[in-house]
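Below is one structure, written out as structure tokens; the observations come after it.
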Amino acid sequence: MLPEILLAGLKVINTIAALKALLSPIKLAQQKIALVPTMGALHKGHVSLIEIAKHHAEVIICSIFVNPTQFTDPKDLEKYPRPLEHDIEMLRAAGCDFVFMPSVKEMYPLPEEWHIDLGPAEFLLEGEFRKGHYQGVTQIVKKFFDAIQPDAAMFGQKDFQQVLMIRNMVVQFNLDIELISCPIIREEDGLAMSSRNIHLSEADRAHSLVLSKALNFVKENFNSFPIDELLDKAQAIIKEMEGVELDYFTIAHQDTLLPAVDKNEGNLVALVAAKVGQTRLIDNVLLF
Ligand code: AMP
């Protein structure tokens with residue numbers, strides 16, 4: 001039996017104090033809590049995290065917070081979509097129990113210096129293009145973990161490097177939270193769902209397919225070519241597409257993000273980032 005508080009459906013909470021008060025009887029009843037952190041503008045990818053969370057916990061909390069400390073470009077922060085009513089309806093339909101939507105002041109009441117050693121992978125790939133991004137990400141996720149103390153937290157493989165960085169943070173702080181990496185949900189034509197896709201023009205939307213196409217090429221031809229040839233061919237696929245500016249396409253080790261030299265090294269991942277029109281997109285595919 002769920003505590004009575006949950007029988008009324010989705011609850012919207014804005015403060016840490018209110019959240020703690022609501023969670024206290026749930027913890028006393030020894031119900032498991034799963035957290036799904038998001039920045040809102042929800043789509044089916046986010047909903048899939050909630051569905052997976054239900055297999056790991058009785059109580060699901062989704063946070064919606066556009067975290068300023070993880071943005072390197074103020075314009076990107078400003079134009080980040082915030083369709084709150086739509087999000088709340090999606091969470092209600094998905095059977096989420098709580099949505100935590102704090103203000104910036106609630107999460108950052110005082111000026112704050114944050115630094116954690118996330119290992120050398122922090123500075124590779126996204127870390128190279130978005131300096132300090134993973135400091136901001138781990139800063140806010142740690143605050144959510146402290147406030148909620150969930151049993152499990154769901155993250156999308158879509159943000160592959162983010163999962164790795166949060167895993168490193170959990171190890172650093174010795175946190176007792178199970179991290180679940182959830183599969184990438186795609187549009188029918190292969191584009192990985194993302195809140196940022198809304199910014200793609202019709203032409204960009206068509207051009208964006210080149211990212212999943214190049215990743216698929218690598219996955220399907222993994223046994224046919226050596227790594228350097230796979231990379232050359234995948235990069236060429238992307239570079240030939242008008243309106244797409246490649247930041248990186250790499251085949252790397254899943255644990256270190258260091259470039260793979262030989263296919264037999266195992267546990268590899270192909271990762272791509274590119275600007276499509278004005279919108280920067282990332283995607284990846286696991287290679288075993
Ligand atoms: P965001 O709102 O972009 O910060 O994403 C919130 C969570 O949803 C992160 O853990 C993302 O990795 C995950 N996510 C975003 N897009 C997808 C997708 N297409 N499929 C699965 N998970 C996703």
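Remember, it's 1-based here, ligands and their atoms both numbered in the order they're listed.
- Heavy atoms of V163 found under 4.0 angstrom from ligand 1: none, in either backbone or side chain.
- The N/O atoms of F155, backbone and side chain alike, include none that comes under 3.5 Å of an N/O atom in ligand 1.
- Atom CD of E51 sits in a crowded spot, with more than 12 heavy atoms from other residues, nucleotides or ligands closer than 6.0 Å.
- Residue M193 has at least one heavy-atom neighbour below 4.0 Å for each of these atoms of ligand 1: 16 (N), 17 (C), 18 (C), 19 (N).
- The minimum heavy-atom distance linking K143 with E112 is given by the pair NZ-OE1, 2.7 Å.
- For ligand 1 and P37, the ligand atoms under 4.0 Å from any heavy atom of the residue are 6 (C), 7 (C).
- The contact set between ligand 1 and G45, taken as ligand atoms under 4.0 Å from a residue heavy atom, comprises 18 (C), 20 (N), 21 (C), 22 (N).
- In this structure, atom 20 (N) of ligand 1 lies nearest to the protein heavy atom I185 N, 2.9 Å.
- Nearest heavy-atom pair across A192 and N197 is O-ND2, 3.0 Å.
- In this structure, atom 3 (O) of ligand 1 lies nearest to the protein heavy atom Y80 OH, 3.9 Å.
- Across every non-hydrogen atom of F65 and P102, the tightest pair is CD1-O, 3.4 Å.
- Listed by atom number, the atoms of ligand 1 under 4.0 Å from P183 heavy atoms are 20 (N), 21 (C).
- Side-chain contact between T138 and V141: absent, with no pair of heavy atoms (C-beta onward) separated by less than 4.5 Å.
- For E178 and K32, the salt-bridge test fails: no basic side-chain N is under 4.0 Å from an acidic carboxylate O.
- Between Q157 and ligand 1 there is no heavy-atom distance shorter than 4.0 Å.
- Checking A192, G156, C182 against atom 9 (C) of ligand 1, the nearest heavy atom belongs to G156.
- Nearest heavy atom pair, residue D87 against residue G40, reads OD2-CA, 3.4 Å.
- Ligand 1 has an N or O atom lying under 3.5 Å from an N or O atom of H46, backbone or side chain.
- Ion pairing between E202 and R205 fails under the 4.0 Å rule for side-chain N and carboxylate O.
- Below 4.0 Å from some heavy atom of T38 lie the following atoms of ligand 1, by number and element: 2 (O), 6 (C).
- Applying the 6.0 Å contact sphere to CG of D176 captures no more than 12 heavy atoms from other residues, nucleotides or ligands.
- Of the protein's heavy atoms, K158 CB, 4.0 Å lies nearest to atom 23 (C) of ligand 1.
- Of the protein's non-hydrogen atoms, the one nearest atom 11 (C) of ligand 1 is D159 OD2, 3.1 Å.
- Here H43 has side-chain heavy atoms under 4.0 Å from ligand 1, and that is the only part of it that gets that close.
- With contacts defined as side-chain heavy-atom distances shorter than 4.5 Å, the pair W114/T69 does not qualify.
- In terms of protein heavy atoms, atom 22 (N) of ligand 1 is closest to L49 CD1, 3.5 Å.
- When each atom of ligand 1 is checked for a heavy atom of M39 under 4.0 Å away, the hits are 1 (P), 2 (O), 4 (O).
- Checked for salt-bridge contact, K75 and E78 miss the test: no charged N lies under 4.0 Å from a carboxylate O.
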